[in-house]
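Each ligand, and each atom within it, is numbered from 1 in the order the structure gives.
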Amino acid sequence: MNDSIGTRALLRQLEIKPSKGLGQNFLVDTSVPPKILAAAELKKEDAVIEIGPGVGILTRLLLQTATKFTAVELDQRLYPFLRELLSPYPGAKLVEGDVLDFQPEALEPTAYKLIANIPYYITSAILRHFLESAHRPQQIVLMVQKEVAQRIVAKPPEMSLLAVSVQFYGKPKLFAVVPAGAFYPPPKVDSAILTIKVYPDAERPCRVTDEARLFEIVRAGFGQKRKQLANSLATGLHLDKEIIREVLAVGHIAAERRAETLSLVEWEQLYNALDGLAISTKAG
Ligand code: SAM
């Protein structure tokens, strides 16, 4: 392993002990940031947001390419160091606070890429925060737990609420596995670089007008683990099981199927069938 730019030395110098609570597993293997950069297909004109720059092992590389750069860091102990690191770059900005309070809508209305080795304790929250925002990134490249990356890129019959929630907005890919030894302190499990190419709205595989309603249905479907759809939907949507059976028939989905087996297109069929039911109930 190569730690020549000295993540450990920097931490010692700043008298910073990695905080478990802040999900601080700092990258020490210098062969990893170039892989993240390659995964992001970063170009000079790209605007970049980095979550949790830490002591800057990835930041330094991003700043060599991106001219518009925003880093969001929660750990106050790092602020003086990061302010100095960013100061030679006129297009770089440090946002001091929690990324979940950061409003992507407040950014310039231009395309941007979200690139980060994130604190794993808020992986799903970060994905939701950026994917559900009105100003989504065009591309996301994140270091996540390997197992989480595998769950996100899964296909039927291994889908989950997380996989549907991500694949609704973009095309995820497990770009590379990163061993625990690439970090200090090493996490308990291996990690992976996950890329998500976010679809322009008109190109989504699942097109619905009411996203909140779609996710209400998807959540209901996954509400009871490994249960048949007719049961989980009836319970989760508070509808009679016979009605749900009819809806599933209209949507061309067998009532015995489990939520894990449904594709995005089939969730759309189910959404439309339930929408049709709502319309006929209103009309009747
Ligand atoms: N990017 C650095 C690296 O690769 O070595 C650090 C990665 S470390 C896994 C996660 C970073 O996110 C830490 O710097 C931590 O302080 C920061 N962090 C933790 N929770 C955060 C939050 N809610 N908002 C912004 N940054 C956060």
Q. Honestly curious: do Y199 and I196 fall in one hydrophobic cluster under the side-chain, below-4.5 Å linking rule?
A. no
**Q.** Enclosure of Q103 CD (heavy-atom neighbours >12, cutoff 6.0 Å)
**A.** yes
(Q) For the NZ atom on K44, are there more than 12 heavy atoms of other groups (residues, nucleotides or ligands in this structure) within a distance under 6.0 Å? (A) yes
Q: List the atom of V72, the atom of P53, and the distance in Å for their closest heavy-atom pair.
A: O-CD, 3.6 Å
Q | Sidechain-backbone polar pair: K113 side chain, A40 backbone, donor-acceptor under 3.5 Å | A | yes
(Q) If the threshold is 4.0 Å, N to carboxylate O, is there a salt bridge linking R258 and E260? (A) yes
Under a 3.5 Å threshold, I'd like every N/O contact between ligand 1 and protein atoms, with atom names and distance.
residue: ligand 1; atom: 1 (N); partner: G52; partner atom: O; Å: 2.7
residue: ligand 1; atom: 1 (N); partner: P53; partner atom: O; Å: 3.4
residue: ligand 1; atom: 4 (O); partner: N117; partner atom: ND2; Å: 2.8
residue: ligand 1; atom: 5 (O); partner: L27; partner atom: N; Å: 2.8
residue: ligand 1; atom: 14 (O); partner: G54; partner atom: N; Å: 3.4
residue: ligand 1; atom: 14 (O); partner: E73; partner atom: OE1; Å: 2.8
residue: ligand 1; atom: 14 (O); partner: E73; partner atom: OE2; Å: 3.4
residue: ligand 1; atom: 16 (O); partner: Q24; partner atom: NE2; Å: 2.9
residue: ligand 1; atom: 16 (O); partner: E73; partner atom: OE2; Å: 2.5
residue: ligand 1; atom: 20 (N); partner: Y121; partner atom: OH; Å: 3.0
residue: ligand 1; atom: 23 (N); partner: D98; partner atom: OD1; Å: 2.9
residue: ligand 1; atom: 24 (N); partner: V99; partner atom: N; Å: 2.9
residue: ligand 1; atom: 26 (N); partner: L74; partner atom: N; Å: 3.4

